[in-house]
Amino acid sequence: MHPQPEDRLGSERSLVRATWVVVAVLVAWLLFGFVREPAASGAERSIVAVLACCFAVPLLVTRGWRRTLPALDRTPRRATVTGRVHFAVDPDSDSDVPAFDLIEARVDIDGVQVGTTIADIVAAESLARFAVGSVWDVYAFEDPAELNNDHRTRVILTEAHEDVVRTGYDLGTYVLHQRPGPGSDLLLRRFADDRHARKAAAS
């Protein structure tokens, strides 16, 4: 059984907190090694420094997902699938990231048909549903170009498609691969306009 979006997001946050604790302990040991008697040897300090970096680097690389994401226009729009883009992994590399497909679509934004890419990385078991010509509800960012570093703007599947199994998200600037599961934990993350939306709903 696949984990639900709340569970995936909660597991990720718990792992991040635990990893930062490990980094803090290693850094504290490293600093203490300079003042203790006898002082830590150069080899010991080097090993601990390397371990701290090994834990810290993945956190720094994925920190964009834990920041507030750009403002999202939560007006549902209709996206018509036009094709797919396949991303393969170099078989000679040590990467454990699997190959995946991104779905291209056309979306009506303010009366203009815009070519875009669905940010949700759809799992193989749900991919067949995204045939060319199929129509899906999506949200667009208020500034479509803000996360665009590959000449593809991004849209996000709405809550209407919680049954679609995802294996991560590709926002252009930020890419996240995770365990497959239905629903969108991306929509549970912080967006720049969320505070204003909550105030408007409460008024």
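Note that the numbering runs from 1 along the sequence shown for the chain. Every value quoted in this text rests on a predicted model; they were computed, and no experiment measured them.
Taking the centre of each ring, Phe100 and His86 stay at or above the 6.0 Å mark.
Residues Ala123 and Thr167 approach most closely at CB-CG2, 3.6 Å, considering heavy atoms. The minimum heavy-atom distance linking Leu30 with Arg45 is given by the pair CD1-O, 3.5 Å. Shortest non-hydrogen contact noted between Leu176 and Arg189 is CD2-NH2, 3.5 Å. Taking each heavy atom of Ala119 and Leu171 in turn, the nearest pair found is CB-CD2, 3.6 Å. Between His177 and Ile121, the shortest heavy-atom distance links the atoms CE1-CD1, 3.8 Å. Residues Ala40 and Trp29 come closest through the heavy atom pair CB-CH2, 3.9 Å.
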### Task
Assess whether side chain to side chain contact (heavy atoms under 4.5 Å, CB included) is satisfied between Arg77 and Asp137, documenting all intermediate values.
CA-CA 5 Å; Arg77 304 174 189 275; Asp137 292 328; over 6 Å; no
#### Entry: Worked check of side chain to side chain contact (heavy atoms under 4.5 Å, CB included) between Glu104 and Val85
CA-CA 7 Å; Glu104 295 190 319; Val85 179; 3.3 Å; yes
### Task
Would you check, one step at a time, whether the test side chain to side chain contact (heavy atoms under 4.5 Å, CB included) holds for Leu26 with Phe55?
CA-CA 10 Å; Leu26 290 170; Phe55 281 101; 4.0 Å; yes
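Within the 4.5 Å cutoff, side-chain heavy atoms of Val164 are placed close to those of Arg129. The shortest distance between side-chain heavy atoms of Asp101 and Phe87 does not fall below 4.5 Å. Using a 4.5 Å heavy-atom cutoff, the side chains of Pro182 and Glu162 are not in contact. Side-chain contact between Thr116 and Val138: absent, with no pair of heavy atoms (C-beta onward) separated by less than 4.5 Å. With contacts defined as side-chain heavy-atom distances shorter than 4.5 Å, the pair Ile103/Val122 qualifies. Side-chain atoms of Val155 and Tyr139, non-hydrogen and from C-beta on, never get closer than 4.5 Å to each other.
For Arg78 and Asp108, the salt-bridge test fails: no basic side-chain N is under 4.0 Å from an acidic carboxylate O. By the 4.0 Å N-to-carboxylate-O rule, Arg154 lies too far from Asp120 to be salt-bridged with it. Asp185 and Arg166 are not joined by a salt bridge, as no carboxylate oxygen comes within less than 4.0 angstrom of a charged side-chain nitrogen.
Of the possible polar contacts, one joining the Arg84 side chain to the Leu127 backbone as a donor-acceptor pair under 3.5 Å is found.
When each of Thr158, Val107, Thr80, Leu157 is tested with Trp136 by the rule side chain to side chain contact (heavy atoms under 4.5 Å, CB included), just one qualifies, namely Leu157.
Annotation: the span from Thr153 atom OG1 to Asp143 atom CG amounts to 10.5 Å, rounded to 0.5 Å. Rounded to the nearest 0.5 Å, atoms CG (Leu188) and CD (Glu159) are 8.5 Å apart. If you take CZ on Phe130 and CG on Leu102, they are separated by 11.5 Å, rounding to the nearest 0.5 Å. Distance check, rounded to the nearest 0.5 Å: OG of Ser46 to CG of Leu51 gives 11.0 Å. To the nearest 0.5 Å, atoms CD1 (Ile156) and CG (Leu187) are separated by 5.5 Å.
Under the 4.5 Å side-chain contact rule for hydrophobic residues, Val27 and Val22 share a cluster.
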